[in-house]
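Please read the structure below before turning to the comments.
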Amino acid sequence: DYNGDCMVGDTSDELTCSAYQSGRCDFEHGTCLYSQSSDDKFDWTVSTTGTYSYGTGPTKDHTTQSEKGHYMYIETSWPRRPGDNARLNSPI
């Protein structure tokens with residue numbers, strides 16, 4: 001989209017943005033340059049099969065438009081407690 005959202009001052013297309021591996025991250029081949037924070041209470045999860053909480057989460061992945069696509073989520077019900085947090089660090 002050629003907006004300045006790749007890096008400060010950069011107006012290139014995201015497909016050629018050096019901050020992304022393979023252009024952009026769809027979680028189909030790992031977490032790209034995203035990383036789990038070490039100063040939080042729990043981690044993000046990559047999944048294709050839904051969440052542990054009944055009736056929550058996507059029915060399909062928006063990238064592949066199938067139930068086989070990968071996405072990231074956080075489980076906010078048990079055993080989470082008030083004040084718990086999960087951070088995913090962005091390469092940008």
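These values consider heavy atoms only, across backbone and side chains, with no hydrogens, waters or symmetry-generated copies. Just so it is clear, the model here is predicted, and its values are computed rather than measured.
- Here T51 pairs with T56 under the side-chain hydrogen bond (donor to acceptor under 3.5 Å, both in side chains) rule; sequence neighbours left out.
- Summarising the geometry, atom CG belonging to L33 is positioned 11.5 Å from atom CG belonging to N89; distances are rounded to the nearest 0.5 Å.
- Checking D39, D40, D43 one by one against R87, the salt bridge (Lys or Arg N to Asp or Glu O under 4.0 Å) holds for a single residue, D39.
- Inter-residue side-chain proximity for Q36 and L88 is flagged as met; some heavy-atom pair is nearer than 4.5 Å.
- Hydrophobic clustering, with ILVMFWY side chains joined whenever heavy atoms are under 4.5 angstrom apart, keeps Y52 apart from F42.
- Residues T45 and E75 are not in side-chain contact: their nearest non-hydrogen atoms beyond the backbone lie 4.5 Å or more apart.
- A side-chain donor-acceptor contact under 3.5 Å links E28 to the backbone of H70.
- Looking at N85 and K41, their side chains come closer than 4.5 Å, going by heavy atoms from C-beta outward.
- Closest non-hydrogen pair, A86 versus W44, comes out as O-NE1, 3.4 Å.
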Run the numbers on D61 and T64 for side-chain hydrogen bond (donor to acceptor under 3.5 Å, both in side chains), then give the verdict.
CA-CA 6 Å; D61 174 69; T64 63; 3.3 Å; yes

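- For the atom pair T48 OG1 and K60 NZ, the distance stands at 15.5 Å (nearest 0.5 Å).
- Counting heavy atoms from C-beta outward, I74 and R80 have side chains that stay 4.5 Å or more apart.
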